[in-house]
Amino acid sequence: FYFVFFCGGPRRVYRMKFPSFPRSLRIRTPRIRRSRSDQSLAEPIVVWLRRDLRVTDHQALSAAAASAEVVCVYVHEEQPVAGPVHGPSARAFLRGALEALQESLADRGVRLVLKVAPAGTGAEVALTEVAGLVGASKVVYTHLYEPSQQQEDERVCAALHSAGIRTEGFHGYLLHDAYHLEKVARDDVGLSGLGSLQHIEQCVSHLPEVGEPLAPPKLVGAKVFASVSVSELNLCSDADYDRILAHWAPSEIEARQRMNRFVHSALENFKTNNVRADLLGKESSTLSPYLYWGLLSPRVVYTAAKSAAVEWGIDVEPFLQRLLMREMAYLHLRIFPDMARKSIRPSEEKAIGEPSKEVLVNAWKSGRTGYPLVDAGLVELRTTGFMSPPLREVAASFLTRFCRVDWRVGLRHFQEHLVDADEAIGALAWQTAAGTALVASDILDPVLAARKCDVSGDYTRKWIPALAQVPAKYVHCPWEVDPRQGPTHWPRVLVDGSPTKQVSDADRRATPVRASSKWSLRW
């Protein structure tokens, strides 16, 4: 097999042997007609980076590099005027991603300009300053689709326009432009069936085919002036940074390597193994943090999966459907812009607020509910900033359906600790688990679900060392162990997981009406 690597110029293509990767995957290189001397005559273009920290398949960067020198700028807001507020784990991942991007751009002769926007100011001040220093009259950027990010785009563009600086936004965060997706859903397909896989597939069928990804462009960097270092952004503590680096390598190179390993070794079995937490890192892609921060383009992932289907004749539809779930989440966010704060179906709210559930909420957050799989997932979350999709669903179902805690409590906790704290995906998943979305998931029994997604019990034992010596038969229900065969200090189960028994004295209102081991695959 061959992997095509473009370098040097638009018409020079070098082939390198790349073992076991689809031959049909080709990355398109942008057509650059200007010479280096021609580019130096054009006014530089500022590339405003946010959650698009890569050089491959970066439409804004490629468009700028095709006609002028580029100045790549990342602005850190000390107190964000708009946009998601990330927790320590996400900021630690971001710090690593910025350091990797800085090195990648430096290898191409371009300096990454880092700016800090003081409290009370937005990115527009820093961008206007940089544009003025380098003599740029245009700023390009990648669209983000959260309502707060859209407001930021409008505010920044208005400020730049008033300073005589043109702006241009490009699509690239999703497979399809969310604005076009919403228009198709409203005008062509209709909103009936919204929330189903069939609906999003029908919407996508009205849009143009996903194009081929762009190769890294040939860059010519403009002369830049003041820039702070990554450490001076004060994104996170060194302890949090070391904790995240122990489990992640936040770089575009690592993102591509993870994707390649997944496509080669695990994509074929994704349909059967995607709910297996005990196979995480072996049969799971773990690509979501790289997609969220833009170290990996969804178009690159899509193309790699389609190429594998052609090359090896494997079924990749289950994985492509998972990619469509990202589109579905952002379509929901376009139609329900407040869905991260308000229930889509308020009439289905049966939860009880956090104050009256303090004991349960604290036990859930700290991984001390007494249900091993739930607790293991929450311990992993606090340690690594990640939790596999099936476990997120189990944890959400347990908190909202068994404990009857408001879904917003769980969403806030996830957003605070996840490295891939995606507002749209998280809000839709939590509302689906709580039953307030247009399509509700089944209630997941924490023991039945555990026996399905952690068959060997290895995942639970890894994160709950107290269960290391418990026989496999009882690892997900240690309360049934004979004291002579296992630990007796396991925490008391706060909520009875059986739908047919009375709950403990901790909360008698938490008895669910039904329980299941089915999966809705919303994460």
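Basis for what follows: all heavy atoms, side chains included, without hydrogens, waters or symmetry-related copies.
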Q | Heavy-atom closest pair, residues C453 and L391 | A | SG-CD2, 3.9 Å
Q: Would you check if L467 and P372 make a side-chain contact, meaning some heavy-atom pair closer than 4.5 Å?
A: yes
Q.
So that I can tick it off, tell me whether R95 and D238 are bridged by a salt bridge, with the cut-off set at under 4.0 angstrom between side-chain N and carboxylate O.
A. yes
Q.
Side chains of E327 and L175, heavy atoms from C-beta outward: is any pair under 4.5 Å?
A. yes
Q.
Main chain of N260, side chain of H264: is a donor-acceptor contact present, judged purely on distance under 3.5 Å?
A. no
Q: Go through R258 and S285 one step at a time and tell me if the side-chain contact (heavy atoms from CB on, under 4.5 Å) criterion holds.
A: CA-CA 7 Å; R258 283 184 182 240; S285 69; over 6 Å; no
Q. Within the distance-only criterion (no hydrogens, no angle test), does the side chain of W248 pair as donor or acceptor with the backbone N or O of T384 below 3.5 angstrom?
A. yes
Q: Could you grab the distance from atom NE2 of H476 to atom NZ of K452, nearest 0.5 Å is fine?
A: 13.5 Å
**Q.** Side-chain heavy-atom pair Q59, T142 within 4.5 angstrom cut-off
**A.** no
Q) Do Y74 and Q102 pass the side chain to side chain donor-acceptor pair (under 3.5 Å) test, and can you show the C-alpha distance, the side-chain angles, and the key distance before you say yes or no? A) CA-CA 10 Å; Y74 180 87; Q102 194 173 50; over 6 Å; no
Q.
For E103, is the CD atom crowded, meaning more than 12 foreign heavy atoms sit under 6.0 Å from it?
A. no
Q. Between the side chains of S388 and R392, does any donor sit under 3.5 Å from an acceptor?
A. no
Q.
Is the terminal nitrogen or CZ of R461 (NZ for Lys, CZ for Arg) located under 6.0 angstrom from the six-membered ring centre of W463 and within 45° of that ring's axis?
A. no
Q | Neighbour count above 12 (heavy atom, 6.0 Å) for I253 CD1 | A | no
Q: State whether the side chain of R54 and the backbone N or O of G294 hold a donor-acceptor pair below 3.5 Å, judged by distance alone.
A: yes
Q: Taking T400 for its side chain and W407 for its backbone only, find out whether a donor-acceptor pair lies under 3.5 Å.
A: no
Q.
Whether the Q150 and R334 side chains hold a donor-acceptor pair (N or O, under 3.5 Å, no angle test) is what I'd like checked.
A. yes
Q: Check for a donor-acceptor pair, side chain of D338 on one end and backbone N or O of R341 on the other, with a separation under 3.5 Å.
A: no
(Q) Using side chain to side chain donor-acceptor pair (under 3.5 Å), reason through Q151 and S148 one step at a time and then give a plain yes or no. (A) CA-CA 5 Å; Q151 294 170 7; S148 57; over 6 Å; no
Q) Just by distance, with hydrogens left out, do Y330 and E146 show a side-chain donor and acceptor under 3.5 Å apart? A) yes
Q. Distance only, no hydrogens: is a donor on one side chain within 3.5 Å (strictly under) of an acceptor on the other, for R50 and Y141?
A. no
Q: Decide yes or no for D52 and H58: does some side-chain heavy atom of the first lie under 4.5 Å from some side-chain heavy atom of the second?
A: yes
Q) Say you draw a straight line from CG of L61 to CH2 of W48; how long is it, rounded to the nearest 0.5 Å? A) 16.0 Å
Q) Taking the six-membered ring of Y173, is NZ or CZ of R51 closer than 6.0 Å to its centre and within 45° of its axis? A) yes
Q: Might you point out which heavy atoms bring C403 and L399 nearest each other, and give the distance in Å?
A: CB-O, 3.3 Å
**Q.** Minimum-distance pair of heavy atoms, taken over all atoms of A305 and V316
**A.** O-CG1, 3.5 Å
Q | L295 side, atom CG; M259 side, atom CE - distance, nearest 0.5 Å | A | 13.0 Å
Q.
Working to the nearest 0.5 angstrom, can you tell me the gap between R256 CZ and L296 CG?
A. 7.0 Å
Q: Evaluate the side-chain proximity of V116 to N234: yes if any heavy-atom separation is below 4.5 Å, no if none is.
A: no
Q) Ignoring hydrogens and geometry, is there a side-chain-to-backbone donor-acceptor pair from D242 to A239 under 3.5 Å? A) no
**Q.** Residue pair L324 / L320, side-chain heavy-atom distance below 4.5 Å
**A.** no
Q. Which atom pair, heavy atoms only, marks the closest approach of P217 to V55?
A. CD-O, 3.4 Å
Q.
Quick one, V220 with V70, criterion side-chain contact (heavy atoms from CB on, under 4.5 Å). Give me CA distance, side-chain angles, the key distance, then yes/no.
A. CA-CA 6 Å; V220 179; V70 298; over 6 Å; no
Q.
With rounding to the nearest 0.5 angstrom, report the CG to CD distance, D57 to E212.
A. 10.5 Å
Q) Do W364 side-chain atoms and A395 backbone N/O form a donor-acceptor pair below 3.5 Å? A) yes
Q) Do the non-hydrogen side-chain atoms of W293 and P250 ever get within less than 4.5 Å of each other? A) no
Q: Ignoring hydrogens and angles, tell me if any N or O in the side chain of S227 forms a donor-acceptor pair with the backbone of L114 under 3.5 Å.
A: yes
Q: Could you point out which residue of D420, T383, D240, I244 forms a side chain to side chain contact (heavy atoms under 4.5 Å, CB included) with S89?
A: I244
(Q) Using salt bridge (charged side-chain N to carboxylate O under 4.0 Å, His left out), reason through E416 and R382 one step at a time and then give a plain yes or no. (A) CA-CA 10 Å; E416 182 181 349; R382 293 200 318 272; over 6 Å; no
Q. Does the side-chain contact (heavy atoms from CB on, under 4.5 Å) test come out yes or no for L49 and L112, once each step is laid out?
A. CA-CA 10 Å; L49 300 171; L112 175 61; 3.8 Å; yes
Q: May I ask you to test the H247-E380 pair for a side-chain heavy-atom distance under 4.5 Å?
A: no
Q.
Any side-chain to backbone donor/acceptor pair from D375 onto G370? Under 3.5 Å, distance only.
A. yes
**Q.** Shortest non-hydrogen contact between V71 and P44, atoms and distance
**A.** CG2-CB, 4.4 Å
Q: Taking E252 for its side chain and T56 for its backbone only, find out whether a donor-acceptor pair lies under 3.5 Å.
A: yes
Q: Tell me, with the steps shown, if L53 and Y290 meet side-chain contact (heavy atoms from CB on, under 4.5 Å).
A: CA-CA 9 Å; L53 306 178; Y290 299 93; over 6 Å; no
Q. When the aromatic ring centroids of H86 and Y292 are compared, is their separation below 6.0 Å?
A. yes
Q) Can E129 and K115 be counted as an ion pair, charged N to O under 4.0 angstrom? A) yes
**Q.** Taking every non-hydrogen atom, the tightest pair across L444 and S397
**A.** N-OG, 2.9 Å
(Q) Under 6.0 Å between ring centres: does that hold for F93 and F386? (A) no
Q | Approximate separation, where rounding is to 0.5 Å, of Y371 OH and I464 CD1 | A | 15.0 Å
